[in-house]
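See structure below.
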Amino acid sequence: MKSYVIFDLDGTLLNTIDDLADATNHAMAQLGFPTHGRWVYPNMVGNGVAKLIERALPDDARSEKNIRDALAAFRSYYDDHCTDATVPYPGITELIADLSAKGVNLAVTSNKYELAVTKIIHHYFPSANFRAVLGNVEGLPRKPDPSIVFKALSMCPTPKSQVLYVGDSGVDMETARRACVESVGVTWGFRPITELKQAYADHIISTPSQIIDLLGATD
């Protein structure tokens, strides 16, 4: 059976897009650049906040200084507002409680900077059985590099055959492939199902409860 489920965060456990959009638009406005409608942000996220900022800036304004200044403005705002509009996807709170009750170990691995990841997870899932809550830190490559998955495995040693990696994007499916663990693509997140198929997801699910079925025998 599967005994360790590693989740992506944004677009998988939580719909964070409105808070990410608001923080990015705040940063753009602070620097005097155009803002964007919230509907464009699902295609901007997934590779870390620095990449989100780069994509939000005008093509001719993507200098290192502008990215650095906008990133600082983003973090200053997001640190205080990262739970304003963010909500768990339907069925996620029940899933996390069910997995924890079954004794399944859980982890989060995100390309978002770790301070925000830790704050968000503790806010929405204070009693969950998370063995690792990991975000991007200096010196750790971003997904799809598998280093963050290996770090989660080091914090809860588990045979790879007993691991599920759950995410909503091609980046997540590639991360799982490189880590040599089974991938689960979710259709309720930020990316289309075509992206999951093109990334060769091992499983594609449309409701959180289907993860229980993927755990296998519990005897």
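- At a threshold of 4.5 Å between non-hydrogen side-chain atoms, the residues Arg142 and Asn47 do not count as touching.
- Note on Arg178 versus Asp145: no salt bridge recorded, every NZ/NE/NH1/NH2 to OD/OE distance being 4.0 Å or above.
- Shown here for Asn111 and Gly46, the closest heavy-atom pair between the two residues is ND2-O, 3.1 Å.
- Taking each heavy atom of His81 and Asp84 in turn, the nearest pair found is ND1-OD2, 2.7 Å.
- Under the 4.5 Å side-chain heavy-atom criterion for ILVMFWY residues, a single connected hydrophobic cluster contains both Phe190 and Val49.
- Between Gly11 and Val186 the shortest heavy-atom distance is O-CG2, 3.9 Å.
- A donor-acceptor pair under 3.5 Å is absent between the side-chain atoms of Lys102 and the main chain of Ile212, judged by distance alone.
- Summarising the geometry of Ala61 relative to Leu57, their closest heavy-atom pair is O-CD1, 3.9 Å, with the distance given to 0.1 Å.
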>> One pair to check against salt bridge (charged side-chain N to carboxylate O under 4.0 Å, His left out): Asp172 and Arg191. What are the steps and the verdict?
In response: CA-CA 11 Å; Asp172 293 312; Arg191 302 298 199 195; over 6 Å; no
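- To the nearest 0.5 angstrom, Ile17 atom CD1 is 10.5 Å from Asp22 atom CG.
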>> Checking Asp168 against Tyr89 for the side chain to side chain contact (heavy atoms under 4.5 Å, CB included) test, could you report, in this order, the C-alpha distance in whole Å, the side-chain angles of both residues, the deciding distance, and whether it holds?
In response: CA-CA 12 Å; Asp168 72 306; Tyr89 285 101; over 6 Å; no
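- Rounding to the nearest 0.5 angstrom, the gap separating the OG1 atom in Thr175 from the CE atom in Met173 is 8.0 Å.
- Trp188 is not listed as a side-chain neighbour of Asn15, based on a closest heavy-atom distance of 4.5 Å or more.
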>> Set out, in order, the CA-CA distance, both residues' side-chain angles and the distance that settles side chain to side chain contact (heavy atoms under 4.5 Å, CB included) for Asn25 and Tyr77, then state yes or no.
In response: CA-CA 10 Å; Asn25 282 340; Tyr77 182 93; over 6 Å; no
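- Salt-bridge formation is detected for the pair Asp59/Arg62: a Lys NZ or Arg NE/NH1/NH2 atom is positioned less than 4.0 Å from an Asp or Glu carboxylate oxygen.
- Annotation: side chain of Leu14 is in contact with side chain of Phe125 (closest heavy-atom distance under 4.5 Å).
- Taking Ala56 as the reference, Thr24, Met28, His36, Met44 meet the side-chain contact (heavy atoms from CB on, under 4.5 Å) condition, with sequence neighbours excluded.
- Sorted by first and then second residue, the side chain to side chain donor-acceptor pair (under 3.5 Å) pairs with a member in residues 193-202 read Ser183-Asp202; sequence neighbours excluded.
- Under the rule for a side-chain hydrogen bond (donor to acceptor under 3.5 Å, both in side chains), the partners of Tyr113 that lie at least two apart in sequence or sit in another chain are Asp79.
- Note on Leu99: it does not cluster hydrophobically with Val181, by side-chain heavy-atom contacts below 4.5 Å among ILVMFWY residues.
- When side chains are defined from C-beta on, Asp10 does not count as touching Val45, because their heavy atoms never get closer than 4.5 Å.
- Legend: side chain to side chain donor-acceptor pair (under 3.5 Å) pairs involving residues 115-130, not counting sequence neighbours, sorted by first then second residue: Asn105-Asn129.
- Interatomic distance, Phe33 CZ to Asp69 CG, rounded to the nearest 0.5 Å: 9.0 Å.
- In the hydrophobic clustering (ILVMFWY side chains linked at under 4.5 Å, chained through shared members), Val171 stands by itself.
- Following chains of ILVMFWY side-chain contacts shorter than 4.5 Å, one cannot reach Phe7 starting from Ile204, and the two form parts of different hydrophobic clusters.
- The cluster map of Ile, Leu, Val, Met, Phe, Trp and Tyr, joined by side-chain heavy atoms under 4.5 Å apart, puts Val166 and Ile96 in the same cluster.
- The two residues Ala27 and Ile53 come nearest to each other via the heavy atoms CB-CD1, 4.4 Å.
- Counting all heavy atoms, side chain and backbone alike, Cys156 lies closest to Arg131 at SG-NH1, 3.6 Å.
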> Would Phe74 and Leu20 satisfy side chain to side chain contact (heavy atoms under 4.5 Å, CB included), going step by step from the backbone distance to the final call?
Replying inline: CA-CA 9 Å; Phe74 174 100; Leu20 290 169; 3.9 Å; yes
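- In this structure, the side chains of Leu13 and Ile121 come closer than 4.5 Å at one or more pairs of heavy atoms.
- Residues Trp39 and Leu52 share a single hydrophobic cluster, defined by chaining ILVMFWY side chains whose heavy atoms lie under 4.5 Å apart.
- Side-chain atoms of Leu134 and Met155, non-hydrogen and from C-beta on, do get closer than 4.5 Å to each other.
- A donor-acceptor pair under 3.5 Å is formed between the side chain of Asn136 and the backbone N or O of Leu140.
- Separation of atoms CG (Leu106) and CZ (Phe130) is listed at 5.0 Å; rounding is to 0.5 Å.
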>> Run the side chain to side chain contact (heavy atoms under 4.5 Å, CB included) test on Ile205 and Leu214 for me, step by step, so that the C-alpha distance in whole Å, both residues' side-chain angles and the decisive distance to 0.1 Å come before the verdict.
In response: CA-CA 10 Å; Ile205 62 173; Leu214 296 176; 4.2 Å; yes
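- Residues Lys160 and Leu153 have side chains in contact (heavy-atom distance under 4.5 Å, counting atoms from C-beta outward).
- With a 4.5 Å cut-off on side-chain heavy atoms, Tyr165 and Asp8 count as touching.
- A side-chain contact (heavy atoms from CB on, under 4.5 Å) with Ser110 is found for one member of Val117, Thr12, Ile120 and no other, namely Val117.
- In this structure, Leu196 CG and Ser169 OG are separated by 7.5 Å, a value rounded to the nearest 0.5 Å.
- Remark: Lys51 pairs with Glu54 by the salt bridge (charged side-chain N to carboxylate O under 4.0 Å, His left out) rule, at least two apart or across chains.
- Put simply, the side chain of Tyr4 never gets that close to the backbone of Ala107: no donor and acceptor are under 3.5 Å apart.
- A distance of 9.5 Å separates CD1 in Ile92 from OG1 in Thr207, rounded to the nearest 0.5 Å.
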